[in-house]
Amino acid sequence: MQEILLVKTGEIALKGLNRATFENMLIKNIRWRLKKSGEFNIHRAQSTIYIEPKSSDADLDDAVERLKKVFGISLFSRALSTEKDIEIIKKDTIEYVKDDLMGAKTFKVKAKRADKSFPLNSPQLQAELGGALLEAYPHLKVDVHNPEVTVTVEVRDYAAYVYAEAIKGAGGMPVGSSGKAMVLISGGIDSPVAAYLMAKRGLELHAVHFVSPPYTSDRALQKVEDLCQKVSEYSGRIHFYCVEFTEIQEAIKNHCQEELFTIIMRRLMMEIAIKLAKENNISALVTGESLGQVASQTIGAIVATDNVSDMPVFRPLIGLDKDDIVKIARKIDTFETSILPYEDCCTVFTPKHPKTKPDLQKVIDDQNSFDFAPLVEKAVKNVKMKQIQSND
Ligand code: ATP
Ligand code: MG
């Protein structure tokens, strides 16, 4: 028996004329993600993507697990591919859905006839196949409203497909279909979740991380790279930029007012992130900020940081509570890494009483009391770039 995977796209179906572009991008992402599961023929027709194993070596169980992390898929099924002959469909279906039906009391059959040349229409096909299943499994009852198992049969151009279970996909849009963004990533709980959520909306991820050796350690950097690797299981490869920030932080400490340290540091982080973004054709920034979570995430502080940015700053967590963020962090398996107790450059030289309502002009004046530009240029010039992707 030949099994295949049938993929239904979610929002892509709404894309009208651009639909083919989105679907092709999704196919490219699927191809890349299933490389280690074996060889597959992947193509699209009639608003479905077909993933057919090229040989018996292809590992469908593994492919199913990987597909669950591909954005742009709303539902998918592992299906039997069979001949478009009602007697063969009946015989094969009875065998293929045996385990699902033996464990259930109620079922229904849903038929879709996309190939109008097939001699039975959808209601007839439903009745025929339903009858055959009832005969084979007499313990069952039909329940059209609330069945425990729905056996779906789709008659399409080249074959008929049968499945009993639809698997929920990761949703969202194919990574890359919305362009590129630069995530400011720390070792905390929030920014990896923000990165995941924006990849889900179709952004290809670039991530910048600021380190301040010797105040921050190699292990702290490793932790952030590990987090990126976890996120990359969903987002695909992440372009990672590591920026050395020590001199800038020391200059802030030596020249700026203590209560403004954090806000000025965040403005300089943003300036550097924007320069790197522009050099790499990236059009938006992403941060893990959530309104009011800490002193640097009040409206006043956000106004003061956004003031240096001439590109959109996406803050997907802005309206979420910490509990909500932690739930997502657990789901994507970043939480346990995030709570490892390594230092972040943000916690170096933190003011005792940070300003929660900073006056923008005072912040600008204070920052201008020292010429940061050469240090910013130097930090950008010395950036270290690498690609991070999941191992398996
Ligand atoms: P997170 O939980 O993501 O670490 P946080 O709660 O520690 O965030 P802040 O320290 O105020 O919050 O940082 C706010 C945002 O600034 C982070 O979500 C992240 O986008 C960015 N950020 C913080 N530290 C760094 C860093 N070392 N490198 C790059 N970006 C950073
Ligand atoms: Mg936070």
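One-based numbering, in listed order, for ligands and for the atoms of each.
Between F210 and ligand 1, an N or O atom pair is found at a separation short of 3.5 Å. Residue V286 has no N or O atom closer than 3.5 Å to an N or O atom of ligand 1. Backbone and side-chain nitrogen or oxygen atoms of P192 are examined, and none is located within less than 3.5 angstrom of a nitrogen or oxygen of ligand 1. Looking at ligand 1, you'll find an N or O of L184 within less than 3.5 Å of one of its N or O atoms. Considering both main-chain and side-chain atoms, S191 comes within under 3.5 Å of ligand 1 through a nitrogen or oxygen pair.
With A220, S186, A329 as candidates, the residue nearest to atom 1 (P) of ligand 1 on a non-hydrogen basis is S186. If you check each of K322, R315, R266, E343 against atom 13 (O) of ligand 1, the one with the closest non-hydrogen atom is R266. The option from Q297, M265, M269, E289 that lies nearest to atom 12 (O) of ligand 1, judged by heavy atoms, is Q297.
Looking at I185 against ligand 1, only its backbone comes within 4.0 Å, counting heavy atoms. In V208, the part holding a heavy atom less than 4.0 Å from any atom of ligand 1 is the backbone.
Proximity of a side-chain donor or acceptor of S177 to a complementary backbone N or O of M173 within less than 3.5 Å is not detected. With S338 contributing its side chain and G188 its backbone, the two residues share a donor-acceptor pair below 3.5 Å.
Because its NZ or CZ atom is both nearer than 6.0 Å to the ring centre of Y234 and within 45° of the ring axis, K69 counts as a cation-pi partner of that residue. The cationic group of R219 does not satisfy the cation-pi geometry with Y342, failing either the under 6.0 Å distance to the six-membered ring centre or the 45° limit from the ring axis.
The only option from K384, K386, H206, H209 that meets the side-chain hydrogen bond (donor to acceptor under 3.5 Å, both in side chains) definition with Y241 turns out to be H206.
Scored by the side chain to side chain contact (heavy atoms under 4.5 Å, CB included) test, L75 finds K8, A166 as partners (sequence neighbours excluded). By the side chain to side chain contact (heavy atoms under 4.5 Å, CB included) test, A132 pairs with K90, I94, sequence neighbours left out.
Residue Q293 approaches ligand 1 through these ligand atoms, each under 4.0 Å from one of its heavy atoms: 6 (O). The contact set between ligand 1 and T287, taken as ligand atoms under 4.0 Å from a residue heavy atom, comprises 20 (O).
Between F372 and F370, the distance separating the two ring centers is shorter than 6.0 angstrom.
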